[in-house]
There are 4 protein chains.
Amino acid sequence: MNQFRETFNKLSPEKQGRILEAAIDEFAGHGYDSANINSIAQKAGVSVGSIYNYFESKEDLYLAVVHHAVETLKAALEDIVTREDDLFKRIEMILRSIQTFTRRYVNLTRLYNEMTTESRSDLTWTIVSKMEGVTAELYASYIKEAQENGRVRPDIDPKYFAFFLDNLFVQLQFAYACDYYKNRLKMFVGEDALDNDELMVEQLMKFIRGAFCLQ
Amino acid sequence: MNQFRETFNKLSPEKQGRILEAAIDEFAGHGYDSANINSIAQKAGVSVGSIYNYFESKEDLYLAVVHHAVETLKAALEDIVTREDDLFKRIEMILRSIQTFTRRYVNLTRLYNEMTTESRSDLTWTIVSKMEGVTAELYASYIKEAQENGRVRPDIDPKYFAFFLDNLFVQLQFAYACDYYKNRLKMFVGEDALDNDELMVEQLMKFIRGAFCLQ
Amino acid sequence: MNQFRETFNKLSPEKQGRILEAAIDEFAGHGYDSANINSIAQKAGVSVGSIYNYFESKEDLYLAVVHHAVETLKAALEDIVTREDDLFKRIEMILRSIQTFTRRYVNLTRLYNEMTTESRSDLTWTIVSKMEGVTAELYASYIKEAQENGRVRPDIDPKYFAFFLDNLFVQLQFAYACDYYKNRLKMFVGEDALDNDELMVEQLMKFIRGAFCLQ
Amino acid sequence: MNQFRETFNKLSPEKQGRILEAAIDEFAGHGYDSANINSIAQKAGVSVGSIYNYFESKEDLYLAVVHHAVETLKAALEDIVTREDDLFKRIEMILRSIQTFTRRYVNLTRLYNEMTTESRSDLTWTIVSKMEGVTAELYASYIKEAQENGRVRPDIDPKYFAFFLDNLFVQLQFAYACDYYKNRLKMFVGEDALDNDELMVEQLMKFIRGAFCLQ
DNA sequence: AATGAATGAGCATTCATTCAT
DNA sequence: TATGAATGAATGCTCATTCAT
């Protein structure tokens, strides 16, 4: 499963970064099929030939990009989760991280949306499954722990609630990064929804706390 | 909308249906760019020339398909919402409808995911916005009404909670129809997640009730 | 084994001819790999797209061309062979036909040489084998018949002699059509070798008669 | 020939051999255009850069390979021809040499076939002409000598008969080395044609003796 | 109105050749 | 001298769109 060739790894991090960024840009903005390898090469300031020295094919490049995106997201998540120990503090941290992360890496989030598309799902699932698995496991265990501590109601299935929680996270990510979901967010809560991060956290924390706790 | 669409509307409903279905199939399965007009024509049993008599361009056909999808979804929603009057009964009805509807119209749901993709969002938002607007309005008003009746906690913003609620709906739809989200669901709650509709409703209703009510 | 699609057969013979001729030209002159589909299309006065409507791929077009070449050669041979009944008269007729045929269809003969090349042999043998089989059978039976009539020495294997005979034919074809073999012929018998058809027939008939008869 | 070839000649014979063999392999198996310089370098265990230090271009390498092939063939021929003095003993020796040589140097023979192809003929003729010239001269002189000794019929043109003789040799070479001609041989004389060298020599000697002698 | 053959711009990919190390 | 990464022109093939019938 060499998503990318040895040759790419030998490149300077700066160059690797330029190529990955150019590719993310293109794939996130145009989708896999309309993405143009020549454009990616041009944006990255390398020749097409070089792209094909680093990656076997368009698909291979796409997979490398997805792999990179997943690694970046995973790193961000791990960073958060180890810094807190209370379930709701963790959740709040995640929400705030989503707000900063999705704005910093808009295209990465857009790419994630693109990836879930039917035509690409086979390709990407193998790569992404690992991360989703880790997340699922992690959330469920935190919820269980909180149940044992009596901070979360005992009559729920941690696995299902982990799923619902992550669903809210995913949708929040899209709402901050993808035009369609941005528009949808504005339609639901108003034009200035994207400017009031604090209110979003406050309301969503109320929603989640309510869902998890017997007050 | 334009001279071309008129010619399409004059067609027998049966033929219209064949063409729309073929197009939904193709767009949902391959994405906009990889969708092949010639394949659509063949699947629908008409000539390419005819497709171009009915629709100005690939984009126009895509928009017509999206429009049709939205109308179908809207009709389904309206049907539900008018049959009940309690907020939570309505929500439960919607959940069950999502379960049957997404299985019956798999490709419609897949198309909805495809639509939200960055490369297509400009195109589709104009069409979809109306429906999303109606939904947003409706949910918010139901929540407000329930707040006034004391069935929903008073310290929340109905608009935000409508948004979170719909997010859960959207994610549920994808989980039942799109391969990527199907896999993700299985990863979170187990391999047989798709076979236990009752449990899903039960858990999700607990989640939602908890979020909305002060017990 | 549809060497070419239905669509090609529906074309006017004139257009079919133009395309085949352009393709023979290109394949014979540049070899399979360097042959340029765009050039073929241009020479034939059709679009590249059309070429790909008629033939699935470059390989498919090549096979169609080879098929056509074989059919043309077969027709020429059959014509000759049925017009005479004496072995040596037949051979002489064939020699003279080679002289006119290879000059009229230079590229067909060049293509035949190209076809025998290692990189193409798998591709073409299936198509050509039938014709070579017919030829082998035919020549051997004529020789056998002549042996029975006492016109050919009895102590030879008709199959081997048919092979040697055909070898001389093949080399003669190449000598009249392919530059390399033309040069070689000139080197062996002199600069004006190609202008003295009568002498070639005379000498070659002596060679062959000698080989076959006990004087 | 030029500054580049000199660098090649300075190489150890072992390295020269590796490069030539790799190149012969590639050119014989894929044809000139599809032959890949990078593959040749890899097979030979040197870098592409080195190949381009030794040879000016792909064409130059090809020519060097052809030159080498010709030299190898010439050496083999000279060896035979000086060891016998009777025309027919020489011919028989040549036939047997073809049988061993073409099996030992399959790719060399395949390359010879490839060389005669139209697209390559200009390129190669200058190099090969010398050898073909020597051969032509040699055979004709032997035949003339044999005519003078009364062992060959006087009423034939030695040049033409030298040509026919060499044609039989060329075709025999191909029949033992090139897949297309192998198949053709089997078609003419049977599946086990390649296993019965003695019978081939016997029959072909009968054919040739008959052609040359007045019995 | 319906057809489907014809078009040609557009794109992924290859590979001979160069040149900095 | 040897290396092999970088280059970019060249080409097979696709497919939305047109239009004569």
Side-chain angles (χ1 to χ4, degrees), chain A residues 5-8 10-11 15 30 32-42 45-61, chain B residues 7-8 10-11 15 30 32-42 45-62, chain C residues 5-8 10-11 15 32-42 45-61, chain D residues 7-8 10-11 15 32-42 45-62:
Chain A
R5 298 197 185 168
E6 269 307 293
T7 48
F8 182 66
K10 280 186 198 151
L11 258 38
K15 198 169 188 178
H30 299 279
Y32 178 81
D33 286 297
S34 288
N36 184 322
I37 297 282
N38 291 276
S39 297
I40 293 174
Q42 200 161 25
V46 298
S47 68
V48 227
S50 287
I51 296 282
Y52 278 87
N53 282 338
Y54 310 143
F55 305 97
E56 269 184 339
S57 62
K58 187 181 188 178
E59 194 169 300
D60 196 38
L61 170 58
Chain B
T7 61
F8 180 67
K10 280 186 199 149
L11 257 39
K15 198 169 189 179
H30 299 280
Y32 178 81
D33 286 297
S34 287
N36 186 323
I37 297 282
N38 290 274
S39 296
I40 292 173
Q42 200 162 25
V46 298
S47 68
V48 229
S50 289
I51 297 279
Y52 277 86
N53 284 337
Y54 309 144
F55 304 98
E56 256 187 338
S57 62
K58 187 181 190 177
E59 197 170 296
D60 194 40
L61 170 59
Y62 182 73
Chain C
R5 299 196 184 167
E6 271 306 294
T7 47
F8 182 67
K10 282 185 197 151
L11 258 37
K15 198 169 188 179
Y32 178 81
D33 286 296
S34 288
N36 185 324
I37 297 282
N38 292 278
S39 297
I40 292 173
Q42 200 161 25
V46 299
S47 67
V48 224
S50 288
I51 297 281
Y52 279 88
N53 282 338
Y54 310 142
F55 305 97
E56 270 184 338
S57 62
K58 187 181 189 178
E59 195 169 299
D60 196 38
L61 170 58
Chain D
T7 61
F8 179 67
K10 281 186 198 147
L11 258 37
K15 197 168 188 179
Y32 178 81
D33 286 297
S34 288
N36 185 324
I37 297 282
N38 291 274
S39 296
I40 293 173
Q42 199 162 27
V46 297
S47 67
V48 230
S50 289
I51 297 278
Y52 276 86
N53 284 336
Y54 310 143
F55 304 98
E56 257 186 337
S57 63
K58 188 182 190 178
E59 197 168 297
D60 193 42
L61 170 58
Y62 182 74

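Residue numbers begin at 1 in each chain, while the letters A, B, ... track the order of the sequences.
Between Asp60(A) and Phe55(A) the shortest heavy-atom distance is OD2-CA, 3.5 Å. Across all their heavy atoms, Ala41(D) and Ile51(D) have their closest contact at CB-CG1, 3.9 Å.
Interatomic distance, OH of Tyr52(D) versus CD of Glu56(D), reported as 11.0 Å (0.5 Å rounding). If you take CG on Asp33(A) and NZ on Lys58(A), they are separated by 5.5 Å, rounding to the nearest 0.5 Å. To the nearest 0.5 Å, atoms OG (Ser47(A)) and CG (Asn38(A)) are separated by 10.0 Å.
At whole-Å resolution of the value, NZ in Lys10(D) and P in dA2(F) are 10 Å apart. Between the P atom of dA2(E) and the CZ atom of Phe55(B) lies a distance of 12 Å, rounded to the nearest Å. When the P atom of dC15(F) is taken as reference, atom CD of Gln42(B) falls 13 Å away, rounded to whole Å. Residue Tyr62(D) contributes atom OH, which lies 17 Å from atom C1' of dA16(E) at whole-angstrom precision. In this structure, CD1 of Ile40(D) is placed 8 Å from P of dA16(E), rounded to the nearest angstrom. Between Ile51(D) atom CD1 and dT1(F) atom P there is a gap of 15 Å when expressed in whole angstrom units.
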Nucleotide N/O to protein N/O under 3.5 Å, stretch nucleotides 11-14 of chain F:
from	atom 1	to	atom 2	distance (Å)
dG12(F)	OP1	Ala35(C)	O	2.7
dG12(F)	OP1	Lys58(C)	NZ	3.2
dG12(F)	OP2	Asn36(C)	OD1	3.3
dG12(F)	OP2	Ile37(C)	N	3.1
dC13(F)	OP2	Tyr52(C)	OH	2.3
dC13(F)	OP2	Lys58(C)	N	2.8
dC13(F)	O5'	Tyr52(C)	OH	3.3

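Contact annotation: Ser50(C) reaches the phosphate of dT7(E) (side-chain N/O to OP1 or OP2, under 4.0 Å). Between Lys15(C) and dA6(E) there is a side-chain polar atom (N or O) within less than 4.0 angstrom of OP1 or OP2. For dT3(E), the OP1/OP2 oxygens have a side-chain nitrogen or oxygen of Ser47(B) closer than 4.0 Å.
When distances are taken from the side chain of Asn53(A) to each of dG4(F), dT7(E), dA6(F), the shortest belongs to dA6(F).
Under the 3.5 Å distance criterion, the side-chain polar atoms of Ser50(C) are left unmatched by any main-chain donor or acceptor of Asn53(C).
Between Tyr32(B) and Tyr62(B), the ring planes are perpendicular. Angles over 60° get that label, and only those under 30° would be called parallel.
Residues forming a side chain to side chain donor-acceptor pair (under 3.5 Å) with Ser39(B) (at least two apart in sequence, or on another chain): none.
Tyr54(C) pairs with exactly one of Lys10(C), Glu6(C), Lys15(C) by the side-chain contact (heavy atoms from CB on, under 4.5 Å) rule, that one being Lys15(C).
With a 3.5 Å limit on both pairing distances and Watson-Crick or G-U wobble geometry required, the stems of 3 or more pairs in DNA chain E span E:2-21 with F:2-21.
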